[in-house]
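Below, chain A is the first sequence line, B the second, and so on; all start at residue 1. Everything numeric in this text was worked out from a predicted model, so none of it was measured.
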Amino acid sequence: LSITSKFDDEFWEELEEILIMADVGFTATQKLLDQLRPKVRKEKIEDAEGFKELLKQELASLFPEPRKIRVSKPPEVVLMIGVNGVGKTTTIAKLAHRAQMQGKKVMMVAGDTFRAAAIEQLNIWAKRVGAGFYAKEDGADPAAVAYEALDKAIEEGYDTVFVDTAGRLHTKVNLMDELKKIKRVVSKKHPGAPHRTILVLDATTGQNALSQTQLFSEAVPIDEIVLTKLDGTAKGGVIVAIALEHNIPITFIGLGEKMEDLEIFIPERVVNRLMG
Amino acid sequence: SLSDRLNSVFKKLKGHGRLDEKNIQEGLREVRLALLEADVNYKVARDFIQRVKERALGQDVLKSLTPGQQVVKIVHEELIELLGGQSQGLNLKARPPIVIMLVGLQGSGKTTTAAKLALFLRRMKHAPYLVPADVYRPAAIEQLHKLASEINIPAYPSSSDMDPVDICRNAVEEARKSAYSVVLLDTAGRLHIDEKLMQELVAIKSECQPHEILFVADAMTGQDAVNVAARFNELLDVTGIVLTKMEGDARGGAALSIKSVTQKPIKFIGVGEKLSDLEVFHPDRVASRILG
Ligand SMILES: Nc1nc2c(ncn2[C@@H]2O[C@H](COP(=O)(O)OP(=O)(O)OP(=O)(O)O)[C@@H](O)[C@H]2O)c(=O)[nH]1
Ligand SMILES: Nc1nc2c(ncn2[C@@H]2O[C@H](COP(=O)(O)OP(=O)(O)OP(=O)(O)O)[C@@H](O)[C@H]2O)c(=O)[nH]1
Ligand SMILES: [Mg+2]
Ligand SMILES: [Mg+2]
């Protein structure tokens, strides 16, 4: 942003351009600017420093705190969902690694029985992470895989079970139905499961992430969002638009392809990512 | 839809009026909004709006169309022209084996598209050869081998301890010896800002001299599409673009952004996860969906 102490039309236009180019989207940008303009006057913001602090707080306030998970009886079950290629399988490896580091006994479940070599991919990650692994044959019913995995996890005293699912476009009704079925079967099998349903979004995605969030949450309640591929040049600004319409906490961000490339999401850092 | 919105903007103007600066401005605001909602890059949208404005200014409002319809018509025509005018196929005229290299960001659909293209080419009576050159992603080689066996297409026996440049060079040599007519090189997904991995692509290009380098991009890509496409094109001089996951509800504005910044033709679109889900790109269909 040009260093300015004049909050004139040019200033707001330049800010609009930055936000739209960060994928915040036209409508969400207007909403944000409409909230900022009166505050700049009311709080007597005088310079770029003051404005940046205001913007930082305004953005940070949009993102809800992650909720405390209540697991009445282990294992905690985590369901990973999202459209094709966003990083679900890799993110499971990252979350499993993190849980292992915290001393938990972790199982990774190959719930993608559809895509070529999806089971092999997760199996390799499980070996690298040192976690338990459960899979059936290619083409098996994913709900059955999850059900049997839970049987084993409960019996063998696992703390956390991560269930991978096949990538699916949110517009495909039969695939959304399959997701509902997986959730139904898992919740019948184990009280409280899935304790965390995580929607994985790709930071390079534009406004379509809004439709993804909307339609996935119509199929199953979403507890968390993880935003991947923030190690690229995409700013992931669509999370602002999502925050204005939904109340879903973002818990982690993906910053690479290794199991360590996961960071906790910090709302106060969003301003730097969008403007930097 | 955009035409509804433009019709309501222009509803006072009828029959013998003229599209002038004042009434065009409001209509253009609606068009710009539609483009941005469709993920067209901010600067690409701005340049596009300028072109439409120049074409629209001073035009007589034709009796047969409402002014709103007229603006939509101009926008639609400009979009189709910018998207490439008409479909452009693969360059298959060279002496075999023709080498096609697929490149792009992580998860954009390269491996699946490689297999789709192999099926497409065999249906056109070619003898394709699939080459897994991704040694980094767990089970990437298995993934392409599985897809290849699903459609009975031979594949190079890569293993993850090989070097991708060697894989590609040896595979092209193998194709030449075995008289395959097209070689499809599936490379690992990578960031355009990863210098080392981008140089790997430059090395593969230099060793294998591909006839086609296809930049594979996800239809739901947002504003960053221009940065990614520009860098891949700058280093590799790509010959074509493939847009994947087009059967969803992504408006696909990335198509316009990528085409504008690379000036390279969009050749195919992916419309599903089955290997038969590949279509030749039609600019008019994509133009309609960008406009919404
Ligand atoms: N640069 C980068 N790449 C990532 C990140 N997360 C995942 N990837 C890469 O993105 C590609 C797709 O990752 P997957 O984990 O297979 O994605 P997925 O959602 O499980 O894909 P499907 O199961 O096919 O829907 C792989 O090449 C990963 O290495 C990230 O945070 N940064
Ligand atoms: N719905 C849909 N999914 C697609 C399409 N093309 C590919 N996919 C899916 O997108 C995901 C990623 O595809 P891949 O072929 O593994 O992508 P990639 O570019 O090779 O990924 P990396 O090698 O990790 O960079 C898989 O789940 C594919 O089935 C398409 O046209 N439509
Ligand atoms: Mg996966
Ligand atoms: Mg691949």
Quick check on [X] against chain B: is it the side chain, the backbone, both or neither that has a heavy atom closer than 4.5 Å?
| X | result |
| --- | --- |
| D138(A) | side chain |
| K235(A) | neither |
| V238(A) | neither |
| E257(A) | side chain |

Crowding at NZ, K274(B) (>12 non-hydrogen neighbours, <6.0 Å): no

Would you say the side-chain atoms of [X] and [Y] include a donor-acceptor pair closer than 3.5 Å?
| X | Y | result |
| --- | --- | --- |
| D218(B) | T244(B) | no |
| D202(A) | T228(A) | no |
| T233(A) | D224(B) | yes |
| Q143(B) | E120(A) | no |
| E178(A) | N174(A) | no |
| E273(B) | N84(A) | yes |

Residue list, salt bridge (Lys or Arg N to Asp or Glu O under 4.0 Å) with R269(A), at least two apart or on another chain: E263(A)

Partner residues of D34(A) under the salt bridge (Lys or Arg N to Asp or Glu O under 4.0 Å) criterion, sequence neighbours left out: R37(A)

Residues of residues 148-164 of chain B near chain A, each having a heavy atom less than 4.5 Å away: none

Contact winner vs chain B - T27(A), T205(A), T171(A), heavy-atom pairs under 4.5 Å: T205(A)

Examine whether an atom of [X] lies under 4.5 Å from a heavy atom of chain A, and if so say whether it belongs to the side chain, the backbone or both; otherwise answer neither.
| X | answer |
| --- | --- |
| D194(B) | neither |
| D249(B) | both |
| L105(B) | side chain |

Contact leader toward chain A among [options], where contacts are heavy-atom pairs under 4.5 Å:
| options | value |
| --- | --- |
| R46(B), E37(B), R32(B), R137(B) | R137(B) |
| R251(B), H192(B), E142(B) | H192(B) |
| A115(B), A139(B), P138(B), G109(B) | P138(B) |

E200(B) with R190(B): basic N within carboxylate O range, under 4.0 Å: yes

Ring pair (Phe, Tyr, Trp, His ring centres under 6.0 Å) partners for F215(B), two or more places apart: F232(B)

